Amino acid sequence: MSAAAARAVRFDRYGGREVLYIAEVDMPAPGPGEVVVEVRAAGINPGEAAIRSGAMREMFPATFPSGEGSDLAGVVTAVGAGVTEFALGDEVLGFSFRRSSHATHVAVPVGQLIHKPPRLSWEVAGSLYVVGVTAYAAVRAVAAQPGETVTVSAAAGGVGSLVVQLLVLREARVLGIAGPGNADWLRAHGVTPVPHGDGLADRLREAAPHGIDAFIDLFGPEYVQLAVDLGVAPERIDTIISFQKAGEVGAKTEGSAEASTPEVLAEMAGLVVGGAIDFEVAATYPLDRVADAYEELEKRHTRGKIVLLPNH
């Protein structure tokens with residue numbers, strides 16, 4: 001890579017992981033109100049795989065050649081006109097709306113960045129945005145109150161592991177739907193584990209004999225229907241994935257779009273740094289192995305984030 005070039009993940013058509021490749025691209029230049037960040041860590045997310053496969057082409061169409069990635073953390077290497085919030089050498093974390101963070105360098109508007117707390121590792125800082133603000137929005141959407149019972153599907157996943165902890169901080173009683181391998185982790189974080197699979201509705205009724213007050217779906221439409229069947233009011237159901245089903249039953253669909261602000265990101269970073277929330281990194285990969293990283297992600301059995309380290 002020359003001094004004037006960067007490297008970035010690209011894909012030229014919809015498809016599986018095989019369409020991903022690493023391209024040498026022009027070093028980004030900051031526009032007014034932007035900085036260039038040398039990316040030290042960038043999380044990967046299921047939504048990015050869905051965009052790349054074409055599964056979300058009607059809602060989030062790709063323009064080819066397409067980059068990818070929203071989460072990022074790194075060091076400011078160039079500052080655009082009018083920028084006073086950040087200086088060369090500042091350590092930052094934040095997000096890109098341009099599908100561009102899976103790269104060695106990226107230009108980012110300053111309104112999408114915050115200063116990285118010194119005690120936050122690069123891996124955590126670079127993968128906090130999507131799951132952090134999504135969890136925040138989902139918990140806010142169902143307005144859980146102390147003593148209420150809230151059920152969460154995919155409760156030990158990247159978003160789910162944060163959702164359940166935020167609910168526990170609100171003093172809600174949390175029922176976490178997950179595989180048996182995650183039961184001990186859920187219990188250790190104050191959550192009642194409920195195994196998914198046949199008979200789930202009966203297990204939830206047994207665990208909550210006085211009813212379920214709210215339901216957060218992080219997996220699929222069958223869980224939105226389950227929430228309705230269990231008598232949860234539609235306005236107390238939030239899904240981050242099942243948009244069509246939500247429209248049918250009147251459930252909410254609040255996620256990252258409703259909470260993508262520096263203030264929310266800073267609040268989540270503070271909770272992690274302060275030890276109020278555990279944030280796990282499951283694995284790290286160099287940029288060249290982005291396809292391998294998505295292979296692990298798409299198994300849907302990972303607890304914690306998978307993170308690219310573009311400059312390692």
Side-chain angles (χ1 to χ4, degrees), residues 8-11 14-17 19-20 39-57 59-62 66-74 93-103 106 108 112 122-138 152-163 216-220 238-243 253-260 264-265 268-269 272 277 279-285 287 289-310:
V9 176
R10 291 284 187 267
F11 60 98
Y14 292 122
R17 296 180 297 273
V19 304
L20 296 173
V39 181
R40 298 291 177 85
I44 68 171
N45 297 283
E48 292 150 5
I51 290 170
R52 180 250 300 153
S53 72
M56 300 183 75
R57 72 178 74 188
M59 185 176 297
F60 301 114
S66 177
E68 68 171 15
S70 300
D71 292 321
L72 66 100
L93 71 137
F95 49 96
S96 168
F97 288 141
R98 300 169 181 165
R99 301 178 191 171
S100 59
S101 71
H102 294 170
V106 60
V108 188
Q112 294 164 212
W122 284 118
E123 292 82 1
V124 172
S127 56
L128 180 59
Y129 158 64
V130 168
V131 292
V133 304
T134 302
Y136 184 99
V152 181
S153 63
V159 176
S161 60
L162 300 186
V163 164
I216 295 175
D217 164 51
L218 308 173
F219 192 85
D238 187 66
T239 178
I240 68 166
I241 193 169
S242 309
F243 305 114
T253 56
E254 295 184 21
S256 62
E258 285 72 31
S260 290
V264 170
L265 185 58
M268 293 301 297
V272 175
I277 287 180
F279 190 101
E280 297 189 31
V281 172
T284 60
Y285 288 85
L287 197 67
R289 293 186 59 201
V290 60
D292 294 336
Y294 275 101
E295 180 178 15
E296 182 169 348
L297 176 80
E298 290 167 32
K299 294 175 182 176
R300 301 192 79 167
H301 294 303
T302 304
R303 185 176 67 242
K305 292 297 296 179
I306 299 172
V307 186
L308 298 176
L309 304 178

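The model shown is predicted, which means the values in this text are computed figures rather than measured ones.
Within a 6.0 Å radius of CZ in Phe97, more than 12 heavy atoms belonging to other residues, nucleotides or ligands are found.
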Full working for side chain to side chain contact (heavy atoms under 4.5 Å, CB included) between Leu309 and Leu287: CA-CA 6 Å; Leu309 304 178; Leu287 197 67; over 6 Å; no
Which is it for Asp217 and Ile240 under the side chain to side chain contact (heavy atoms under 4.5 Å, CB included) test, yes or no, and what are the steps along the way? CA-CA 7 Å; Asp217 164 51; Ile240 68 166; over 6 Å; no
Verify side chain to side chain contact (heavy atoms under 4.5 Å, CB included) between Val131 and Lys305, making sure each step is shown before the conclusion. CA-CA 9 Å; Val131 292; Lys305 292 297 296 179; 3.7 Å; yes
Would you check, one step at a time, whether the test side chain to side chain contact (heavy atoms under 4.5 Å, CB included) holds for Glu48 with Ile44? CA-CA 7 Å; Glu48 292 150 5; Ile44 68 171; 3.8 Å; yes
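Minimum heavy-atom separation, Ser242 to Gly220: OG-C, 2.9 Å. Counting all heavy atoms, side chain and backbone alike, His102 lies closest to Leu308 at CG-CD1, 3.7 Å. Shown here for Phe279 and Leu128, the closest heavy-atom pair between the two residues is CE1-CD1, 3.6 Å. Residues Ser70 and Val130 approach most closely at CB-CG2, 4.0 Å, considering heavy atoms. The heavy-atom pair separating Ala42 from Ser101 by the smallest distance is CB-O, 3.6 Å. Contact detail for Gly255 and Glu258: the closest heavy-atom pair is N-OE1, 2.7 Å.
Note that CD1 of Ile51 is 7.5 Å distant from CZ of Phe11, once rounded to the nearest 0.5 Å. Remark: Gln112 CD to Phe95 CZ distance equals 5.0 Å, nearest 0.5 Å. Once rounded to the nearest 0.5 Å, the distance linking CD of Glu295 with CZ of Arg289 reads 9.5 Å. In this structure, Ser127 OG and Asn45 CG are separated by 8.5 Å, a value rounded to the nearest 0.5 Å. The OG1 atom of Thr134 sits 11.0 Å away from the CD1 atom of Ile241 when rounded to the nearest 0.5 Å.
Within the 4.5 Å cutoff, side-chain heavy atoms of Tyr129 are placed close to those of Ser260. The side-chain heavy atoms of Tyr285 and Ile306, taken from C-beta on, include a pair separated by under 4.5 Å. Residues Met268 and Ile277 form a side-chain contact, since some pair of their non-hydrogen atoms from C-beta on lies under 4.5 Å apart. Residues Leu20 and Arg10 are not in side-chain contact: their nearest non-hydrogen atoms beyond the backbone lie 4.5 Å or more apart. Side-chain contact between Pro46 and Leu297 is present, with at least one heavy-atom pair separated by less than 4.5 Å. With contacts defined as side-chain heavy-atom distances shorter than 4.5 Å, the pair Arg52/Tyr14 does not qualify.
Although no hydrogens or angles enter the test, the distance criterion places a donor-acceptor pair under 3.5 Å between the side chain of Asp238 and the main chain of Glu254.
Residues forming a side-chain contact (heavy atoms from CB on, under 4.5 Å) with Ala291 (at least two apart in sequence, or on another chain): Arg17.
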